[in-house]
Every structure is written in structure tokens, then in C-alpha cells.
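For this chain, numbers begin at 1 and follow the sequence in order. Atoms within a ligand are numbered from 1 in the order they appear, just like the ligands themselves. Just the heavy atoms: all of them, side chains too, but no hydrogens, waters or symmetry mates, feed the values below.
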Amino acid sequence: MEKEKPIGVFDSGIGGLTVVKRVASALPTENIVYFGDTARVPYGSKSNATVVEYGLQDARFLINKNVKAIVVACNTVSSVALDEIRKKFNVPVIGVIEPGAALAAKETKNGRIGVIGTRATVNNKAYSSEIKKINSSIEVYERECPLFVPLAEEGWIRHKATYDIAEEYLKELRELKIDTLVLGCTHYPILSGVIQEVIGKNVKLIDSGVASAEVIKKELDRVDLHTNKYSSGNQEFYVSDLPTKFKEVAELFLGQEIKLVQKVDLETLTS
Ligand code: DGL
């Protein structure tokens, strides 16, 4: 039965687990299959062509797991490869940029939005163009924050170094008097405590995972693909490498225990 198939979610690594957490809480009876390309992370410093190639391979892996929809829980892939993935695969494909941009445009009061993300996401101006489509008078200031990814993966969520780096990255945005800041990388919600303190408590943080979970729910309504079951959904986790500390860090991102993580050979992805 089409409705009982799982929802597929992928990211360049473990950042997308922050999205799984939101999807599982919005749709608790749905089964989820997660793939994290931990062998090839980060995507944020790679060329668009490479990100498109990897994104298509990741989506193919999930299609082979018989998913009914794909959530691209990576801003970097969402910013360059969404159209290609939609063209190639015949299931609903939801990215994280459009939902995050729409929520930010709705929340801002002074029309000044900051966006932080990987180098690729910022260089592609993915959020600016989405936000401007909604309201061309909104000012959008995008800044790349590449060091937030390894800090999140180290679990340095309240470390002094994280405060210092956040201060360096965010001081200019603070001076630009933004009232809304998009966490435009799925790793960043892990560091939201420090980011909120440094940017100031009056700035509203937008977690694109939260926004995306609502969009996925609506999309499943639209195509009539919600599961009929009432019991809690299962979650399956696959990665292309199992680094040391993986379980600890992945559980930090997901906010719950992970019992089993299965390793996939890169050859399976690329062949
Ligand atoms: N989680 C990825 C994103 O949302 C960032 C990590 C990476 O550079 O691969 O863009």
C-alpha cells in the first residue's frame, strides 16, 4: 500500500536528524528512513555540480528503499539540486529552503532578515531569492558560517570557542538590525542557544526543520498519502560511514536514542 511506505529523509551527514526530529513530532505515526552521507560530508564547500550529483545519488538510495516522499533535509542540496531531484523521481520532493523562507517572511516585522548557512547555500543566494519572491521589499542579509558545522558535530553547544566564533560571524548581522534570523543549515539548530544569545533575544530564530515538517504534512494531505496506522512510526538510519563518536553526536542531533545505524557502501550509492 502506497500510504504505508516510509518517508525518506536525507542530508550530507547528521544535520538532517534535526529535521527528522521535527517530522517525527509532526507526523508521529509515519515510518521514516534516514540517509546521511557521512563519508562525503561536508557538501557546503563543494561545487554545485558535485552537490547535484551527490544529491541525486542520495535520493536514488531512498527511492530504492521504497519511500513515498523525499525530504531533502540539507539546505546545500535544496539550494542547487531540488529541481533535478524532482525531475528525476516520481514522488513528492520537499526541500528545506522554501518553507524556511516563507516562515521568515511571515515572522519579520521590520522587513530585515538575516540568513546563516554553508558557503554553497549563501553563494547560491537561495534564501534571498525565495524571500524576495514572497515580498520584494524585504532586505535579506546572508552570511556563511562554515565553522558552525564542525562545532555542532563536536557537540560544543555551549563551549567558549562556539561563543567566540558566533560573535565573529554574527556581529555584523547584529549591527544590521535584523529582527529574524534563518538557521539555513540543518546543523545549526544544535547551536541555537549560543546563536540566540549572541544575536540578541529580540531576534526570532527560524528553524527550517520546523517549517518543513508543516509543509510535509500539507503535502501528504494534498496527495492523500498519510499512513492509516495509529501506532508509533519506525525509524531506520543509514549512513555512508560510521565515524567514532557517531552515536553520541547523532543522538544529540535527534534528541533521542538511536538503536541501530546501518552502514551503506559508497559503491552502492555511486553504481
Ligand atoms: N546540513 C548541511 C546543510 O543543511 C550542511 C553540512 C554540509 O556542509 O554538508 O546545508
A student checking ligand 1 against D11 at a 4.0 Å heavy-atom cut-off should list atoms 1 (N), 2 (C)
Check: of I14, D37, T118, T186, min heavy-atom distance to atom 1 (N) of ligand 1 comes from T186
If we only count heavy atoms from C-beta on, is the N75 to Y127 side-chain gap below 4.5 Å? yes
Considering only heavy atoms, does V96 approach ligand 1 within less than 4.0 Å through its side chain, its backbone, both, or neither? neither
Note: K68-E2 ion pair, threshold 4.0 Å (strictly below): no
Aromatic plane relationship, Y43 with Y54 - under 30° parallel, 30 to 60° tilted, over 60° perpendicular: tilted
Is it true that a side-chain atom of N124 and a backbone atom of A126 form a donor plus acceptor pair closer than 3.5 Å? no
Taking distance alone, with N or O pairs closer than 3.5 Å, would you say G44 contacts ligand 1? yes
V41 neighbourhood, listing ligand 1 atoms whose heavy-atom distance to it stays under 4.0 Å: 9 (O)
Using heavy atoms and a threshold below 4.0 Å, how should the contact between P42 and ligand 1 be classified: side chain, backbone, both, or neither? both
Less than 4.5 Å apart, side chain to side chain, heavy atoms only: is that true for V198 and V194? yes
Which protein non-hydrogen atom lies closest to atom 3 (C) of ligand 1, naming both residue and atom, and how far is it? N75 N, 3.4 Å
Just to check, does C74 reach to within less than 4.0 Å of ligand 1 when the distance is taken from its heavy atoms? yes
Evaluate the side-chain proximity of T29 to H226: yes if any heavy-atom separation is below 4.5 Å, no if none is. no
Any ion pair linking K87 and D83 (charged N to carboxylate O, less than 4.0 Å)? no
May I ask you to check whether T76 has an N/O atom sitting below 3.5 Å from an N/O atom of ligand 1? yes
Heavy-atom contacts with H187 under 4.0 Å: which atoms of ligand 1 show up? List them by number with element. 1 (N), 5 (C), 6 (C)
How close does the nearest protein non-hydrogen atom get to atom 5 (C) of ligand 1, and which residue and atom is it? C185 SG, 3.3 Å
With respect to T121, determine whether any N or O atom, backbone or side chain, lies less than 3.5 Å from an N or O atom of ligand 1. no
Below 4.0 angstrom, N of the basic side chain to O of the carboxylate: do E142 and K125 qualify? no
